[in-house]
Amino acid sequence: NLKVTAAPPPCTDDNFEDNDAAPSAKKLGQNNYTSLRVCYGDIDWYAFQVKKGENLKIDIEFDHSKGNIDAVLYDSDQTTSLASSTSLDDNENLEYKNRSQVDSVYYLKIYGTTDVNNTYSVKAIIEAPPPVCIDDQFDTLSSKNNDYLSAVALTGPDQTIPSLVL
């Protein structure tokens, strides 16, 4: 019996190769990266520096009809999965907030699920944490002045209150 198997079509690497393993991951920042390519048997790895409290959002855009692409975000140990996106349609989306007390590097693995030869783009957004609100002199009271039941009474319509934080 003769078994014939068609080879996948030739695939040209993108400019970020060789990034086929986490140790050789291409370092990316907040930006839109286009003209990327995942080839049959090829895995692409990227690294993102995320400061403590920041939120990392990643959108991977591709045409599913040309082959399915999935993605997994790993912790700095490169083995602990933090988020994944494995839909069966166009595009994958991941989001992860650095809740640790230190800045961290997270690793994104992008791969084709079958004989994939497909192009994609990565849009990375790194959002700073919301500013910390510092209590004003009215919040230091035992009532905390956080709702209408514990509101602090002001003494007159023309009163000036310095350093009031809303």
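Everything quoted here is computed from the prediction, not taken from an experiment.
Sorted by first and then second residue, the pairs that involve residues 87-98 and meet side chain to side chain donor-acceptor pair (under 3.5 Å), not counting sequence neighbours, are Asn55-Glu95, Asp59-Asn93, Ser85-Glu92, Ser87-Asp89, Ser87-Glu92, Asn98-Ser100, Asn98-Tyr106. Applying the disulfide (SG to SG under 2.5 Å) test to residues at least two apart or on different chains, none of the pairs has a partner in residues 47-88. Within the structure, disulfide (SG to SG under 2.5 Å) pairs that include any residue of residues 22-60 comprise Cys11-Cys39 (at least two apart or interchain). Sequence neighbours left out, not one pair with a member in residues 74-109 passes disulfide (SG to SG under 2.5 Å). Residue pairs meeting the side chain to side chain donor-acceptor pair (under 3.5 Å) criterion with at least one partner in residues 11-34, sequence neighbours excluded, are absent.
Contact record, Ala71 with Leu108: CB-CD1, 4.1 Å, taken as the closest heavy-atom pair. Closest heavy-atom contact between Thr80 and Asp77: OG1-OD2, 2.5 Å. Shown here for Gly29 and Ala124, the closest heavy-atom pair between the two residues is O-CB, 3.6 Å. Taking every heavy atom of both residues into account, Glu54 and Ala128 meet most closely at CG-CA, 4.1 Å. In plain terms, the two heavy atoms of Ala47 and Ala25 that are nearest each other are N-CB, 3.9 Å. In terms of heavy atoms, Val72 sits closest to Ser84 at CG2-CB, 4.1 Å.
One distance of note links CG of Asp70 with OG1 of Thr113; it measures 5.5 Å at 0.5 Å rounding. Once rounded to the nearest 0.5 Å, the distance linking CG of Asp63 with CG of Asn68 reads 11.0 Å. Note that CZ of Phe48 and CD1 of Ile58 are 4.0 Å apart. Values are rounded to the nearest 0.5 Å.
Between Lys52 and Val102, every side-chain heavy-atom pair lies at or beyond the 4.5 Å cut-off. Using a 4.5 Å heavy-atom threshold, the side chains of Val50 and Asp103 count as separate. Between Pro129 and Lys51 there is no side-chain heavy-atom pair separated by less than 4.5 Å.
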Are Phe62 and Leu36 close enough, and set up right, to give a side chain to side chain contact (heavy atoms under 4.5 Å, CB included), and what steps lead you there? CA-CA 10 Å; Phe62 62 96; Leu36 304 174; over 6 Å; no
Check the pair Tyr120 / Asp44 against side chain to side chain donor-acceptor pair (under 3.5 Å), numbers first and verdict last. CA-CA 11 Å; Tyr120 66 94; Asp44 290 339; 2.7 Å; yes
Could you walk me through whether Leu73 and Leu56 pass side chain to side chain contact (heavy atoms under 4.5 Å, CB included), step by step? CA-CA 10 Å; Leu73 186 68; Leu56 174 62; 4.2 Å; yes
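Ile43 and Ile69 are not part of a single hydrophobic cluster, where members link through side-chain heavy atoms under 4.5 Å apart. Tracing side-chain contacts under 4.5 Å through hydrophobic residues (I, L, V, M, F, W, Y), one reaches Tyr46 starting from Leu94; they form part of the same cluster. When the side chains of ILVMFWY residues are joined at heavy-atom separations under 4.5 Å, either directly or via intervening members, Tyr74 and Phe16 end up in two distinct hydrophobic clusters. One hydrophobic cluster, built from ILVMFWY side chains closer than 4.5 Å, cannot hold both Ile126 and Val105; they sit in different ones.
In terms of the salt bridge (charged side-chain N to carboxylate O under 4.0 Å, His left out) criterion, residue partners of Lys57 (sequence neighbours excluded) are, by chain and number, Glu127.
In this structure, Asn117 contributes its side chain and Tyr40 its backbone to no donor-acceptor pair below 3.5 Å.
With a 6.0 Å cutoff to the six-membered ring centre and a 45° limit on the axis angle, Lys109 counts as a cation-pi contact of Tyr111.
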